[in-house]
There are 2 protein chains.
Amino acid sequence: MVFKKVSRIKIPEATIRRLSLYDRCLEELQRSGKRIVSSSDIARKCGTNPAQIRKDFAYFGEFGVRGVGYYVENLQKDIKRALGIDRSWNCALVGAGNLGFALLGTDSLAKRGFKISAIFERDPILVEMGSFQDIPLFGMDDMQRVVSEFGIKIGIIAVSPENALKVAHSLIDAGVKGILNFTPTTIKVPPGAILKNVDFAIDLEGIAFQMSSD
Amino acid sequence: MVFKKVSRIKIPEATIRRLSLYDRCLEELQRSGKRIVSSSDIARKCGTNPAQIRKDFAYFGEFGVRGVGYYVENLQKDIKRALGIDRSWNCALVGAGNLGFALLGTDSLAKRGFKISAIFERDPILVEMGSFQDIPLFGMDDMQRVVSEFGIKIGIIAVSPENALKVAHSLIDAGVKGILNFTPTTIKVPPGAILKNVDFAIDLEGIAFQMSSD
DNA sequence: ACGTGTGAAGCATTTCACAGCG
DNA sequence: CGCTGTGAAATGCTTCACACGT
């Protein structure tokens, strides 16, 4: 196996998203006892095409064996390494409302190496509780201190839209480099910081569009 | 204003997503009292570029006035019409867990014309409650009947991953044509039906990737 | 013989630059 | 004159087809 040290080559966003998908599929394939898979196997499982999969891998190195296929276990390691999830990421959740609790309730974050190590909340009554599910709860004023003490790298914004911008700026000021924003608010981050938006209303509108123009 | 009847021209997915964004920005601009905007105004507000905005609009018609700009109110109507959200969509929520409640707790769905008119849940004890926030609660067995009686067009899957596939098939069988899937499960739908996935773990992995290869 | 890895072709989307029109 | 609307150029992504290694 050869793992290219990719740094200055530009990799399509879509490739990264697909790698995450492949990783999931591999987990299932591994559970079902498969040791070796071909690009067509993966393609069938996750609804892409084999050539695309091979191209996606090729950005990062040669993960397979010609004439044979991919060793599932190795491939998974390689993908995780390529994605940067071969380790744990310290995250903070901002906003202890319905959505925040929903995020904590699911294990899909923890399972993929994203650890929520602090929660920030505006409402003093909630903060008074001190912690939630063993995760310490802080007021907004503690953000600067806690982010640096805990080594928090990623902030998850799950507050109401009106407060999203302020929260984003506080996070950036506190030194957070990556933000996942669940509010329908346009946020701008300085160069070097990374922002991604999760906005299911947009997806619903996409569905509405396709259903209208069938 | 000219509104093209677009039907057989293929419009990029990305264009549709951006139209949703523009629509949001316009709401803000309108609240701030602006009557007329230029493509650069919108671009500044939502972080795209003017040429792209004009191109996006051009798929659907001529929404602006040369030398002047766009009348905010008209433009919003045109965009909503283009997206197919100039009316209300009947939706069903499947899964009354944390995530489901979080979705109900936000007004961002209702505000954009997506009305949740029924909830389906597996746990009989919850179903026993009969309704939640005035929205009727049903068991899974009632899906076929309720979907057709209520005229439900879109299903939102917020159950645990293990049950997602079964739920998706039930929805399709019941006649639902659009599905928004919140679980990390690969679902396949028959041609004619539309599926979109919301998967924030993938977005987090995208952040992790960029932060690793800075 | 088989399935990966990869240049090249094909296709889609974005950006440019300017004509057109109020 | 200013800003939209739009063909044409540039860029980016996906698919093809075959060489390569086992």
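Scope of the values below: all heavy atoms of this structure, side chains included, with no hydrogens, waters or symmetry mates. Per chain, numbering begins at 1; letters A, B, ... match sequence-line order. What you are looking at is a predicted structure, and each value in this text was computed from that prediction instead of being measured.
- A tilted orientation is assigned to the rings of B:Phe138 and B:Phe120, their planes being inclined by 30° to 60°.
- Dense packing is recorded around CZ of A:Phe132, with more than 12 heavy atoms of other residues, nucleotides or ligands lying under 6.0 Å away.
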Next on the checklist: Using a 4.0 Å heavy-atom cut-off to protein, can you give one letter per nucleotide of nucleotides 15-22 of chain D, 5' to 3': B if the base is in contact, S if only the sugar-phosphate is, - if neither?
Outcome noted: BBB--BBS
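- Within the structure, a side-chain polar atom (N or O) of B:Ser39 is placed less than 4.0 Å from OP1 or OP2 of D:dT4.
- The nearest whole Å value for the distance from the NZ atom in A:Lys10 to the C1' atom in D:dT14 is 14 Å.
- Rounding to whole angstrom units, CD of residue A:Glu13 and P of C:dA12 are separated by 21 Å.
- Comparing atom distances between the B:Ala14 side chain and each of D:dT6, C:dA12, C:dT14 picks out C:dT14 as nearest.
- Defined by atom type and a distance below 3.5 Å, a donor-acceptor pair is missing between the side-chain atoms of B:Asp78 and B:Tyr70.
- Ion pairing between a basic and an acidic side chain is recognised when a charged N comes within 4.0 Å of a carboxylate O; A:Asp86 and A:Lys77 show no such pairing.
- Using the six-membered ring where Trp is involved, A:Phe57 and A:Phe63 have ring planes that are tilted, between 30° and 60° apart.
- Taking every side-chain heavy atom of B:Glu62 into account, D:dT6 is the closest of C:dT4, C:dT14, D:dT6.
- The closest donor-acceptor contact from the side chain of A:Asn49 to the backbone of A:Gln52 lies under 3.5 Å.
- In this structure, B:Ile53 places its CD1 atom 13 Å from C1' of C:dT15, rounding to the nearest Å.
- Neither OP1 nor OP2 of C:dG22 sits under 4.0 Å from any side-chain N or O of B:Tyr70.
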